[in-house]
Amino acid sequence: MSIQENGKVVSCAHLGGALFELTFEAPAICAAAQPGQFVHIACGEGNLLRRPISICDVQGDQMRIAFQVKGSGTKWLSARKAGDMLDVLGPLGHGFDFARLGERPVFIGGGIGVPPMLYAMKQTKAAGAQPTAILGFRTKDAVILEPDFEEVGTTHICTDDGSYGVPGFVTDELKLHVESFTGVAACGPKPMLRAIAAVAEEAGLPCQVSMEERMGCGIGACLVCACALKGENGETKYGHVCKNGPVFDAKEVEW
Ligand SMILES: Cc1cc2nc3c(=O)[nH]c(=O)nc-3n(C[C@H](O)[C@H](O)[C@H](O)COP(=O)(O)OP(=O)(O)OC[C@H]3O[C@@H](n4cnc5c(N)ncnc54)[C@H](O)[C@@H]3O)c2cc1C
Ligand code: FES
């Protein structure tokens, strides 16, 4: 079910570098939102296509998103002010299936793949699980949302250059603690997801990954967001990230 809502911007904050956090009111979309789903936002007259952004958090009637300015759409979004109106379509796609992640799931985010893990971690905690977060960033200045995650559960921060937290990649940290987890959920760059899926498979843990592809319509009508999946008899089949995903079982993905 997707809902189109004109939501009032509550705040838009600069987190440093090209990173921003925006909160808007969208009661109907918030009421239907599941962790791992995304919203499709109209980004002003010059940008014909809506931009897909993950749901970072939902509190009552307010939704929070965190994003990196890449091009004209996200630049427009970063210039919104409190009181502006936002044309939002959502919630879209399939989110995480918590029932298959067990009592001690680990949520792994890399870079701008970190935001959706916050809402996912919060919801599993509310459902009685004991979640852990492993969050990877390039460098100290790129670290976002750390206090929010720490409020929910044990949080390990890793940086590629060792300038903050544990030096190294999220996969190293996952390997170190893998025996204490019952399931893995991850969002981030594809090479990171592929490496996480391999660690989870070796440990015999269920693993769900949130995939990213360029999008057009966001509702399964234009085929822009096709991603390769494993079909029967070793054949490749194609799915839509916007409709069949963005969350897939890692075993389904043709890496
Ligand atoms: C399911 C999903 C969730 C996402 N969640 C987040 C998030 O929480 N935070 C965040 O910072 N980014 C997220 N992204 C990436 C974000 O959608 C792109 O960075 C954004 O669309 C770029 O738009 P632009 O106009 O600034 O850049 P431009 O490069 O000018 O965009 C041109 C066109 O390409 C499309 N496009 C470009 N890059 C991407 C991309 N990586 N994914 C999909 N479409 C793209 C745009 O939608 C637009 O139609 C997500 C992408 C997907 C698919
Ligand atoms: S974006 Fe159009 S089918 Fe997925």
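Numbering of ligands and ligand atoms starts at 1, following listing order.
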Can you tell me which portion of V241 lies within the under-4.0 Å heavy-atom range of ligand 2? Options are side chain, backbone, both, or neither. neither
Using a strict cut-off of less than 4.0 Å between a Lys/Arg side-chain nitrogen and an Asp/Glu carboxylate oxygen, indicate whether R64 and E21 qualify as a salt bridge. yes
Could you tell me, atom by atom, which parts of ligand 1 come under 4.0 Å of a heavy atom of F67? 9 (N), 10 (C), 11 (O)
Note the single closest protein heavy atom to atom 4 (Fe) of ligand 2, along with its residue, its atom name and the distance in Å. C225 SG, 2.2 Å
Go through ligand 2 atom by atom and flag the ones less than 4.0 Å from a non-hydrogen atom of A221. 3 (S)
So the atoms of ligand 1 within less than 4.0 Å of a heavy atom of L49 turn out to be 49 (O)
Is it the case that the side chain of E5 and the backbone of A28 share a donor-acceptor pair, with hydrogens and angles ignored and the cut-off at 3.5 Å? yes
2.8 Å cut-off met by an N, O or S atom of C242 to atom 4 (Fe) of ligand 2: yes
Using heavy atoms and a threshold below 4.0 Å, how should the contact between C242 and ligand 1 be classified: side chain, backbone, both, or neither? neither
Tell me, which protein residue and heavy-atom name are nearest atom 3 (S) of ligand 2, and how many Å apart are they? L223 N, 3.2 Å
Suppose I only count heavy atoms of G218 and a 4.0 Å limit; which atoms of ligand 2 are within that range? 1 (S), 2 (Fe)
C222: numbered ligand 2 atoms lying under 4.0 Å from its heavy atoms: 1 (S), 2 (Fe), 3 (S)
Examine ligand 1 and decide if any of its atoms is less than 4.0 Å from a heavy atom belonging to S72. yes
Between atom 4 (Fe) of ligand 2 and C217, is there an N, O or S atom separated by less than 2.8 Å? no
Protein heavy-atom contact under 4.0 Å for atom 18 (C) of ligand 1? no
Any sub-3.5 Å donor-acceptor pair from T132's side-chain atoms to V106's backbone N or O? no
Does I112 reach ligand 1, in the sense of a heavy atom lying below 4.0 Å from it? yes
Numbering as shown, the atoms of ligand 2 that approach G220 to under 4.0 Å (heavy-atom distance): 3 (S)
